[in-house]
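Comments concern the structure below.
Because the structure is predicted, anything quoted here is derived from the model rather than measured. Here is the naming used below: chain letters follow the sequence lines, and residue numbers restart at 1 for every chain.
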2 protein chains.
Amino acid sequence: MNIGSVAEKTGVPAKTIRYYEEIGLIPPAIRAENGYRHYGRNDVETLRFIQRARRLGFSVKDVGNLLALWRDKKRASADVKAFALNHIKEVERRIAELQSIRASLIHLTDRCHGDDRPDCPILDDLAKAVVLSQ
Amino acid sequence: MNIGSVAEKTGVPAKTIRYYEEIGLIPPAIRAENGYRHYGRNDVETLRFIQRARRLGFSVKDVGNLLALWRDKKRASADVKAFALNHIKEVERRIAELQSIRASLIHLTDRCHGDDRPDCPILDDLAKAVVLSQ
DNA sequence: ATAAGCCTTCCAGTTGTGGGAATGTCAAGA
DNA sequence: TCTTGACATTCCCACAACTGGAAGGCTTAT
């Protein structure tokens with residue numbers, strides 16, 4: 001299978017597959033006579049794994065660790081779980097931060113009448129005050 | 001005031017102030033005889049504005065637009081409000097995405113017993129299945 | 001004189017791709 | 001057979017928003 005077919009099957013763009021190879025996330029592909037990269041089923045499976053983990057917000061580096069755990073058939077499931085729980089904590093931190101930002105923004109916009117007049121508490125507060133800060 | 005004092009007063013690192021100048025977010029600072037950048041109260045105020053807007057998740061480009069709105073004393077408050085509401089929508093999209101990711105991760109970890117045994121639904125699902133997908 | 005603590009510019013690295021150029025290869029149709 | 005289109009290759013640049021570091025200049029105090 002050429003890189004284009006793999007890209008189609010996995011949803012990972014060809015360019016990204018080459019990048020993953022370059023940074024060592026996946027091993028170098030076997031080359032055909034013409035120099036084209038050649039892939040098999042395992043490669044597709046691996047790239048799907050990577051794609052799903054990426055969609056779950058794991059960094060590429062994290063995905064590397066997950067792949068290592070995946071390949072190590074003897075690791076304790078506790079290790080994997082700890083890793084995932086850690087990532088959940090990180091996601092929750094980001095959610096909390098965004099929610100705090102959202103609250104501040106809503107506070108600002110609520111007090112802005114939003115008509116033709118120029119005075120606007122949003123900019124006033126950005127300029128002068130601390131907005132809903134701790 | 002030298003760049004270091006401004007950095008201290010505003011919380012924006014000196015390096016970042018130079019960067020903002022370079023990309024045109026703030027105008028080039030006046031230089032003293034010795035080539036040092038020199039700042040006044042307005043500059044501090046502007047950088048505080050920028051800092052607050054950045055903390056509210058506005059991109060640097062967005063901050064540029066906010067600064068323009070801020071300086072244009074005659075713009076309608078509706079313009080500013082629309083801008084902010086738009087940003088709220090964007091923040092809410094990001095929150096929703098993260099919450100969906102979080103739900104998937106929790107679904108995975110809940111089914112992983114997390115002990116010494118090697119079998120782990122987290123990796124199994126990443127490898128084989130579509131996780132809580134639409 | 002020298003040391004510390006500022007300041008300056010410039011260059012490179014970060015994360016995870018995407019775009020595009022220049023070039024090579026393959027399969028199919030006129 | 002020649003050409004055309006759709007692939008593939010490598011290489012380098014760009015993005016966002018900084019951050020770090022090197023190499024050097026200025027100021028002030030000791």
Which residues satisfy the salt bridge (Lys or Arg N to Asp or Glu O under 4.0 Å) test with [X], sequence neighbours excluded?
{"X": "A:Arg93", "result": "A:Glu90"}
{"X": "B:Arg54", "result": "none"}
{"X": "B:Asp72", "result": "none"}

Residue mapping more 5' on DNA chain C - nearest nucleotide basis, A:Glu33 or B:Asn2 =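 Residue closer to the 5' terminus by nearest nucleotide: B:Asn2.
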query = Got a sec: does the CG of A:Asp110 have more than 12 other heavy atoms crowding it under 6.0 Å?
reply =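 For A:Asp110, atom CG is crowded (more than 12 foreign heavy atoms under 6.0 Å).
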Separation of [X] atom [atom1] from [N] atom [atom2], in whole Å?
{"X": "B:Ile3", "N": "D:dC26", "atom1": "CD1", "atom2": "C1'", "result": "15 Å"}
{"X": "A:Tyr39", "N": "D:dC7", "atom1": "OH", "atom2": "P", "result": "16 Å"}
{"X": "A:Glu8", "N": "D:dA8", "atom1": "CD", "atom2": "P", "result": "10 Å"}
{"X": "A:His38", "N": "D:dC7", "atom1": "NE2", "atom2": "C1'", "result": "16 Å"}

Just to verify, what does [X] make a side chain to side chain donor-acceptor pair (under 3.5 Å) with, not counting sequence neighbours?
{"X": "B:Glu92", "result": "A:Arg102"}
{"X": "A:Glu21", "result": "A:Arg37"}
{"X": "A:Arg94", "result": "none"}

query = Heavy-atom distance under 4.5 Å between the side chains of B:Phe49 and B:Leu66, does that happen here?
reply =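 They are in contact (side-chain heavy atoms under 4.5 Å apart), so the answer is yes.
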Tabulated below should be each protein N or O lying under 3.5 Å from an N or O of nucleotides 1-6 of chain D; please produce it.
none

task = For side-chain contact (heavy atoms from CB on, under 4.5 Å), just list the numbers for A:Ser77 and B:His113, CA-CA rounded to whole Å, side-chain angles, deciding distance to a tenth of an Å, and then say yes or no.
result = CA-CA 7 Å; A:Ser77 64; B:His113 36 64; 3.1 Å; yes
request  = For A:Arg18, report the nucleic acid contact type (base, sugar-phosphate, nothing); a contact means any heavy atom under 4.0 Å.
outcome  =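 It contacts base atoms.
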Atom of B:Arg75, atom of A:Pro118 and distance for their closest heavy-atom approach =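 Result for this residue pair: NH1-O, 2.6 Å.
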Contacts under 3.5 Å, N or O only, protein and nucleotides 19-23 of chain D:
residue	atom	partner	partner atom	Å
D:dT19	OP2	B:Thr16	OG1	2.9
D:dG20	N7	B:Lys15	NZ	2.7
D:dG20	O6	B:Lys15	NZ	3.1
D:dG21	N7	B:Lys15	NZ	3.1
D:dG21	O6	B:Lys15	NZ	2.3

request  = Verify, without hydrogens or angle tests, whether B:His87 (side chain) and B:Leu56 (backbone) share a donor-acceptor contact under 3.5 angstrom.
outcome  =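 Yes: the side chain of B:His87 pairs with the backbone of B:Leu56.
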task = Let me know, please, whether A:Arg37 or B:Asn34 comes out on the 5' side of the other along DNA chain D by nearest nucleotide.
result =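 Its nucleotide being nearer the 5' end, the pick is A:Arg37.
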Pairs meeting criterion ring pair (Phe, Tyr, Trp, His ring centres under 6.0 Å) with involvement of residues 15-39 of chain B, two or more places apart =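 Of all non-adjacent pairs touching residues 15-39 of chain B, none passes ring pair (Phe, Tyr, Trp, His ring centres under 6.0 Å).
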inquiry  = Expected output is a numbered-order residue list: members of residues 20-32 of chain A with a heavy atom under 4.0 Å from any atom of DNA chain C. What is it?
reply    =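 Heavy-atom cutoff 4.0 Å gives A:Tyr20.
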ask   = From the 5' end of DNA chain C to its 3' end, which nucleotides mark the outer limits of contact with chain B, defined by a 4.0 Å heavy-atom distance cut-off (strictly under)?
value =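 Range of nucleotides touched by chain B: C:dC6 to C:dT9.
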Which atom pairs, one a donor and one an acceptor, fall under 3.5 Å between side chains of residues 6-13 of chain A and the rest of the protein, sequence neighbours left out?
residue	atom	partner	partner atom	Å
A:Thr10	OG1	A:Val6	O	2.7
A:Thr10	OG1	A:Val12	N	3.1

